[in-house]
Amino acid sequence: MTSDFDIVVIGAGVVGTAIARDLSRFKLKVALLEARPDFGDESSKGNSALMTSGIEIAPDSLEYRLVQRGYARYLEEAPALGLPMRKVGALTLAWSDEQCAILEEEFERVRALGHQDFYRLESAEIYSRWPNFGPGIRMALWAPEEGIADPFSTPYAYVLDAVTNGVEFRHSWPVQSVDRLQNGWALHSADRNVVRARLVINASGLRADIVEALAGYNDFEMRPRRGQYLVLDKAARAIHDVIAMPTPTPKGRGILISPTIFGNVIVGPTAEDVDDRDDRATTVDGIKLLKEAMATMVPGLTAIPVNTAYAGMRPATNYSDYRIIPRFDHDWLTVAGIRSTGFSGALGIAEHVIGLIVPHVFDVRPKGSLSPVSVPDLSEPSNRLLKNGERSGADPAYAEMLCHCECISVGEVRDALASPVPPQTIKGLKRRTRAMFGRCQGFYCGARVQAMFDERSKP
Amino acid sequence: MKAAIGNPRVLIVGAGPAGLAAAAELARSGVSDVLIIDRDDSPGGLPRFCHHPGFGLEYARWPYSGPAFAKKMLGQLQDTPVRISMGTTLLSIENGPVCEVIGPEFGHAQLEPQVVIVATGIREANRGNRVVPGVRPAQGILTTGLLQQLVHRNVSLPSYLRRLVVVGTEHVSFSAILTARHAGIRVVALIGADERVQSYSAAGWLARALGINIHLRSEIVSIAGTSERVEAVRVRKDRVTRDIACDGVLFSAGWIPETVALANGPMLIDAMTKGPIVDQAMRTSIPGVFAAGNVLRGVETSGFAALEGKRAGAMAAMAVAGKIPSGQARETRKMAQSRVPQHWDHSLPEPLELSDRWRPARFRDAYERQT
Ligand SMILES: Cc1cc2nc3c(=O)[nH]c(=O)nc-3n(C[C@H](O)[C@H](O)[C@H](O)COP(=O)(O)OP(=O)(O)OC[C@H]3O[C@@H](n4cnc5c(N)ncnc54)[C@H](O)[C@@H]3O)c2cc1C
Ligand SMILES: Cc1cc2nc3c(=O)[nH]c(=O)nc-3n(C[C@H](O)[C@H](O)[C@H](O)COP(=O)(O)OP(=O)(O)OC[C@H]3O[C@@H](n4cnc5c(N)ncnc54)[C@H](O)[C@@H]3O)c2cc1C
């Protein structure tokens, strides 16, 4: 089967879905192709979900500009999409003389850029506001605007919005080879489907180099970097409710301890260069590092039960900045190397991409009317319970709880299964609802959730 | 939240052996207006999913199968005015007692019963709770409870799942072996941290006769495979590690009382047992709230849980009738932590009419034996 599009976006990570959503605002025929059965199943699934304003990024980079825009757009657009965000603030901590010196310098640097909402805190103030930190902290930088958001619902909202407004989303569609046409490209899948596009946007994240090579480009190399995490039970939030991280080193930001939008606390990520980009296993050594970081920074957390451990893979390249490379004479646009800020930067990246394309490549107008889209707010069980209580009069399925740890009702799981972008796997259902993501990890609800999923999948 | 409608006199949370036994005892004592709520879709508690014999011995003097024991417990409530509301979840308990619940019957509501009995049971520690490193496939990493529920509910297991490694050597680990066999899955190895099998030694012989390798003094180091499936587990014994090829891993035991609805309220929880602190009348630290069954600690048999529920029912009936105070006595002698009960109140009468069947000595002994 062959179909024709103006633009094809390869890769439905947070970046590709954001681009597809912005493209859906124009009179263009757009397809979003994804190799995996669901969106957001690669780099975009295992991150810290910090919504960062970008202050820590080198100001002469494209990343700095796009993350700032991404953050601003998120604040503006997330509420209408139903996406929760909490400005919990971030603390960068120093224990040694050397670290203090680095933070002093960083403080001057960031202030000089014009960021006023950025503070230098002395030890006494830190301990009076956050008494649970371990001993020895000498100073900290305080960035109160830094936030946390929902890592799964965010790309879900983007893809749902894109699809609702005319983009064709094809999952399980790995681009395996490409042919140059007079105008544009023909893309071939493993099972011999063909899609033709006048412009291809390569947003294939962790595998961007492989897709680039199909078209004959090799401007960068992937340097996948793994990050492991521990997820602590919700009891942890009574002890720790702020983003806390050590003074950065040339190697990176270090292991942070942060609340999640769901009310847990995460400890991570490690930063390990790995050979196999698919090796998202947690390791004995990684977990040891995380436990040590926890014991140093917030010792009280070591008594809190662990719910689970996971790892993510950063789509880093041999460059530190984003690799956004227009090749419009070849009808190809590369959007890669979105290493460690893509969750925050996605909307800024999408806006930048539209700016490159419209009107220079496609001289088109915005659509007259759009259909609004919103996703369920999965952040706090208490909000959900209130809402479920209210609508249970009309539909009792919202009052029948299925996942007891996260308080997810039968009605909510049923709704997720009936989505215009339905889950293709049990993991996809988990991410859309949070069922089985709690402390029991499916001991109580796993069988019933699987049964509901199987029921839907029956021919 | 809706205001209280039709407050029951006694609210029992959990329709497992402990909750059902408490209800039967309350009915026998003539307390009317007892409501059991349970968040699952049908009553009976955990035994419902477990089809081999060995349930209810201490309570009913017969080793029923799990579902048969659940049926027997429910049968006791026939012709009594006890009501059961399924799909109703307890969310929190405050002093009062005031219970926040949600369910199709009540919506999101507050109930203010005179007496509450918490019998919410226990679960097993999963792979995440134990922080076992390695790959994280979507399927193939189980607990006994999850496997038994999948089999009971006829949910199809991954077709490649033929060889299973079971972590743990307690009774429940052998329960897992039986269920796996029933589902056509071969258990290839059993891994235990202790010197010897924690269940009956006969269970160990039986397992070996079935061709299961038992690795004692061993620990699971990591899980190998892909993002789709398990391929092996790495096991360490005396600093030597080896890989055991398998398609799935089942974590058994590692008991954690189900206190999600209690965690943010005023009820005192024991640091060691992780269950509510009770006295021998099963009274918790919230006046009017009793607790019984495996929510008190890991783990006792279903028959024992039922006996405890019966005791809580009897004591609650006395509290309803004003024969004993509904709160813990202040001068209660504090017993060593991590034993159940954590308090012994010498001013309380032992309900005589039940003592022969309760075998209080064994009961009290079992209480104090817990570590
Ligand atoms: C440990 C860690 C912590 C992080 N923390 C943060 C944070 O706190 N804040 C923040 O803003 N960012 C954070 N990030 C960064 C953020 O997660 C990434 O920048 C972002 O997910 C990159 O998204 P992407 O869409 O570019 O890539 P991906 O998510 O990898 O998406 C690419 C998609 O393309 C698909 N694909 C690949 N090849 C093909 C093909 N041939 N055909 C079709 N489809 C294909 C893939 O299946 C995938 O779905 C973190 C990342 C990691 C790993
Ligand atoms: C896998 C497994 C195998 C076992 N095998 C045996 C065996 O062979 N023989 C034996 O004697 N014992 C066995 N046991 C132990 C036995 O199941 C328990 O002793 C018994 O079920 C404990 O009864 P209970 O009433 O305390 O709790 P449960 O049976 O766990 O019942 C608790 C009930 O409370 C409900 N509930 C929990 N929280 C809430 C809430 N917040 N709101 C509303 N309802 C709630 C649950 O839905 C459940 O129905 C096994 C246990 C397991 C896990």
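Below, each value reflects all heavy atoms present in this structure, side chains not excepted, and no hydrogens, waters or symmetry copies. Residue numbering restarts at 1 for every chain, and letters A, B, ... go by the order of the sequence lines. Here the structure is a predicted model, which means the values were calculated and not measured.
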Point to revise | Side-chain (A:Ser392) to main-chain (B:Gly107) donor-acceptor, under 3.5 angstrom | key: no
Check your understanding: Most heavy-atom pairs under 4.5 angstrom with chain A, which of B:Ser222, B:Gly134, B:Gly87?
Key -> B:Gly134
Point to revise | Under 4.5 Å from any heavy atom of chain B - which part of A:Cys445 | key: neither
Review point. Tell me, side chain or backbone of B:Asp41 under 4.5 Å from chain A's heavy atoms, or both, or neither?
Key: both
Practice item. Please determine, among A:Thr308, A:Val284, A:Thr282, the option with the most heavy-atom pairs under 4.5 Å with chain B. Key: A:Thr282
Review point. Can you name the closest pair of heavy atoms from A:Asn307 and B:Asn126 and give their distance?
Key: O-OD1, 4.0 Å
Point to revise | B:Lys237, NZ atom: more than 12 neighbouring heavy atoms under 6.0 Å | key: yes
Point to revise | Identified side-chain contact (heavy atoms from CB on, under 4.5 Å) counterpart of A:His404 within the set B:Leu91, B:Thr89, B:Leu90 | key: B:Thr89
Point to revise | From B:Asp40 atom CG to A:Glu400 atom CD, the distance as rounded to the nearest 0.5 Å | key: 9.0 Å
Study note, to complete from the structure: If one checks every heavy atom of B:Gln139 against chain A at 4.5 Å, the contacting part turns out to be side chain
Review point. Hey, does B:Ile256 have a side-chain heavy atom less than 4.5 Å from the side chain of A:Arg439?
Key: no
Exercise for review: Could you grab the distance from atom CD of B:Glu100 to atom OG of A:Ser382, nearest 0.5 Å is fine?
Suggested key: 9.5 Å
Check your understanding: Can you say whether B:Val221 sits under 4.5 Å from chain A via the side chain, the backbone, both, or neither, judging by heavy atoms?
Key -> both
Point to revise | Side-chain heavy atoms of A:Arg448 within contact of B:Arg153, under 4.5 Å | key: yes
**Study point:** Ion pair B:Glu228/A:Arg36, N-O distance below 4.0 Å
**Key:** yes
Study note, to complete from the structure: Nearest heavy-atom approach of A:Lys427 to B:Ser227 is NZ-O, 4.3 Å
**Study point:** Selection from B:Ala224, B:Gly103, B:Pro133, B:Ala261 maximising heavy-atom pairs under 4.5 Å formed with chain A
**Key:** B:Pro133
**Study point:** Donor-acceptor contact present, side-chain B:Gln149 to main-chain A:Tyr444, <3.5 Å
**Key:** yes
Practice item. Inspect the surroundings of CZ in B:Arg234 and state if more than 12 heavy atoms from other residues, nucleotides or ligands are less than 6.0 Å away. Key: no
Exercise for review: Ignoring hydrogens and angles, tell me if any N or O in the side chain of B:Arg136 forms a donor-acceptor pair with the backbone of A:Ala309 under 3.5 Å.
Suggested key: yes
Review point. For the residue pair B:His108 and A:Gly389, what are the closest heavy atoms and their distance?
Key: CB-CA, 3.7 Å
Practice item. Could you tell me which of A:Gly446, A:Cys440, A:Pro396, A:Ala451 has the largest number of non-hydrogen atom pairs under 4.5 Å with chain B? Key: A:Cys440
Point to revise | Contacting region of B:Ala138 [heavy-atom separation from chain A under 4.5 Å] | key: both
Exercise for review: Over all heavy atoms of both residues, which pair between A:Phe443 and B:Ile122 is shortest? Give the atoms and the distance, please.
Suggested key: CE2-O, 4.1 Å
Exercise for review: To the nearest 0.5 Å, tell me how far A:Gln450 CD sits from B:Leu146 CG.
Suggested key: 9.0 Å
Practice item. Heavy-atom distances under 4.5 Å only: say whether A:Leu385 touches chain B with side chain, backbone, both or neither. Key: both
Exercise for review: List the atom of B:Ser156, the atom of A:Asp454, and the distance in Å for their closest heavy-atom pair.
Suggested key: OG-OD2, 3.8 Å
Study note, to complete from the structure: When rounded to the nearest 0.5 Å, the distance separating CG of A:Leu386 from CD1 of B:Ile102 is 8.5 Å
Practice item. Please report the shortest heavy-atom distance between B:Pro104 and A:Ala399, naming the atom on each side. Key: N-CB, 3.7 Å
Review point. When you look at B:Asn129 and A:Val306, which way does the side-chain contact (heavy atoms from CB on, under 4.5 Å) test go after all the steps?
Key: CA-CA 5 Å; B:Asn129 302 144; A:Val306 175; over 6 Å; no
Practice item. Sort A:Leu230 into side chain, backbone, both or neither according to what part of it lies under 4.5 angstrom from a heavy atom of chain B. Key: side chain
